[in-house]
Amino acid sequence: MNQKVIGLSGDEAVAYAVKQCNVDVVAAYPITPQTIIVERIADYVNDGEVDLEYIPVESEHSAMSACIGAAAAGARAFTATAANGLALMHEVVYIASSLRLPIVMAIVNRALSGPICIHCDHSDTMAERDSSWIQLYVEDAQEAYDTVIQAFRIAEDPSVLLPVMVNLDGFIVSHTLQDVSVLPDEVVSEFVGKRQVASIDVAGKTVPMMLHPDNPLTFGPLDLFDYYFEHKRQQEEAIKAARDVIKRVNEEYYKISGRRYGDGMVDSYRMDDADIAVVGLGSTMGTVKEVVDEERSRGLKVGAIRIRSFRPFPVDQLLEELSRVKVVGVLDRSGAYGAPGAPVYNEIRSLLYDLDKRPAVLGYIYGIGGRDMPPELVKSVIRDLENALEKPPETKVEFIGVRE
Amino acid sequence: MKKGWREVPIGGICWVSSTEYKTGTWKTYAPRIDYEKCTNCGFCWFYCPDGAIRWNGEEKPKVDYDYCKGCGICAHECPAKAITMELEVK
């Protein structure tokens with residue numbers, strides 16, 4: 001495949017992908033560290049490089065609302081935000097997924113206020129984890145580009161019809177220049193196609209699931225106790241169905257690009273004979289892989305599992321991989337204040353409960369508010385896990401990298 | 001028997017057309033047009049937020065009481081003061 005290699009930051013890579021994906025409507029409001037995405041898309045529109053309707057809205061609440069209107073009218077819609085922008089959007093985030101509109105949104109992960117902080121952690125998207133949006137976390141700018149393209153295919157799959165968040169770490173990925181291989185426009189255009197609208201049975205007729213005067217439909221009516229529960233039950237089925245679609249799209253994308261990310265759900269690294277697994281999300285897992293190589297060279301059987309799809313959660317893959325190890329270290333870049341541990345840790349502990357022989361699971365909360373996670377700190381985690389191999393620990397969730 | 005989750009259309013979309021909802025039952029006050037005063041200007045048709053004024057530009061406008069929610073905007077905007085809001089008695 002004839003691919004160009006260009007220097008792009010994570011934000012620019014997202015914008016470049018959006019330019020190629022036959023998007024009809026972008027409604028967005030700038031917020032650090034996402035701003036470059038909306039600026040670049042605005043440049044493309046201004047320079048006539050892309051044919052889409054760009055709506056400069058007055059807030060993120062309006063950005064998502066405009067995307068909902070556009071998607072309900074049959075358009076392919078995209079937006080991007082971060083942290084407090086996502087929080088302001090919260091109400092409509094749930095509405096987008098409950099109306100089953102395949103919107104794609106890039107989130108540049110940033111700590112939620114307060115106190116005010118513009119740097120990376122995952123508190124913003126973890127606050128949306130139960131919104132029935134698909135959440136994919138990427139490791140670098142290349143994956144951000146690739147995942148935005150895949151996201152439209154996943155969201156619009158007739159068995160799914162749910163919106164997708166593509167999450168990239170603020171500044172670490174969003175503002176760091178990287179060699180990114182980009183596909184030719186026509187290849188991406190063919191891969192994503194034009195937005196296909198699903199069909200729905202209404203009033204004895206099968207009609208396109210979109211707002212159109214020929215087939216008047218009611219989107220977003222009052223549901224109450226009569227049917228609300230049934231609609232929520234459908235959402236669970238749809239997000240479960242997304243597991244197979246994420247895997248399939250990962251493979252199909254591999255055929256056109258030569259790039260894939262594990263099986264699409266998890267990206268496992270040197271896990272084959274591992275006694276110790278380090279599990280986490282996002283860019284930190286790149287550092288973890290480097291440290292795993294070092295530790296392997298001195299004979300420690302350690303591997304890494306990067307959860308790419310946090311929603312839907314990779315239940316089968318993690319059960320299979322983690323049932324074979326003795327100790328699991330879970331890295332969380334957000335807290336769950338007052339809970340037994342942080343979000344990823346809680347999921348994994350719960351998942352492993354049914355195993356006859358459970359590995360020890362240790363939790364590490366790191367990188368809050370953009371605090372650095374250097375290789376030395378990863379090494380100290382692996383040292384801790386190595387000690388746990390010898391001596392099974394008490395339940396442990398620790399804050400690392402915070403000053404005592 | 002109400003439908004189960006496998007039978008209900010997804011996305012909370014109603015399985016009857018939106019035109020089936022006669023929202024006109026919501027109103028407390030109904031607009032009445034005095035055709036002696038009406039100048040056929042079309043303001044009521046322009047301003048109605050629910051598209052509940054029927055007007056073809058030639059014959060004088062009619063209120064579609066099936067969908068009129070009784071907001072009174074037409075009466076407020078009518079330059080000829082030809083529309084009054086009357087309490088609905090059922």
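Please read all numbers here as calculations on a predicted model, not as lab measurements. Side-chain atoms are counted along with the backbone in the values below, which use heavy atoms only and exclude waters and symmetry mates. Just so we're on the same page: letters track the sequence lines, and every chain starts at 1.
With B:C14 as the partner, the side-chain contact (heavy atoms from CB on, under 4.5 Å) test is satisfied by one option alone out of A:L217, A:T218, A:V202: A:T218. Exactly one residue among A:V207, A:I200, A:D201 makes a side-chain contact (heavy atoms from CB on, under 4.5 Å) with B:I13. That residue is A:I200.
Using a 4.5 Å cut-off between heavy atoms, A:Q235 does not touch chain B at all. In this structure, the portions of A:L99 lying under 4.5 Å from any heavy atom of chain B include both its backbone and its side chain. Only the side chain of A:L161 comes within contact range of chain B, with heavy atoms under 4.5 Å apart. Proximity to chain B (any heavy atom under 4.5 Å) is shown, for A:N215, by neither the backbone nor the side chain.
When the shell of 6.0 Å around NZ of A:K205 is examined, it contains 12 or fewer heavy atoms from other residues, nucleotides or ligands. Counted within 6.0 Å of CD on A:E237, heavy atoms from surrounding residues, nucleotides or ligands total more than 12; the atom is thus considered enclosed. Residue-environment remark: NZ (B:K62) stays at or below the threshold of 12 foreign heavy atoms within 6.0 Å. Heavy-atom contacts from other residues, nucleotides or ligands closer than 6.0 Å to CG of B:N56 number more than 12. Counting non-hydrogen atoms of other residues, nucleotides and ligands closer than 6.0 Å to OH of B:Y29 gives a total of 12 or fewer. Around the CD atom of B:E77, the shell of radius 6.0 Å holds more than 12 heavy atoms that belong to other residues, nucleotides or ligands.
Contact count versus chain A (heavy atoms, under 4.5 Å) is highest, among B:E20, B:K3, B:E7, for B:K3. In terms of heavy-atom pairs under 4.5 angstrom with chain B, the leader among A:E230, A:H231, A:Q234 is A:Q234.
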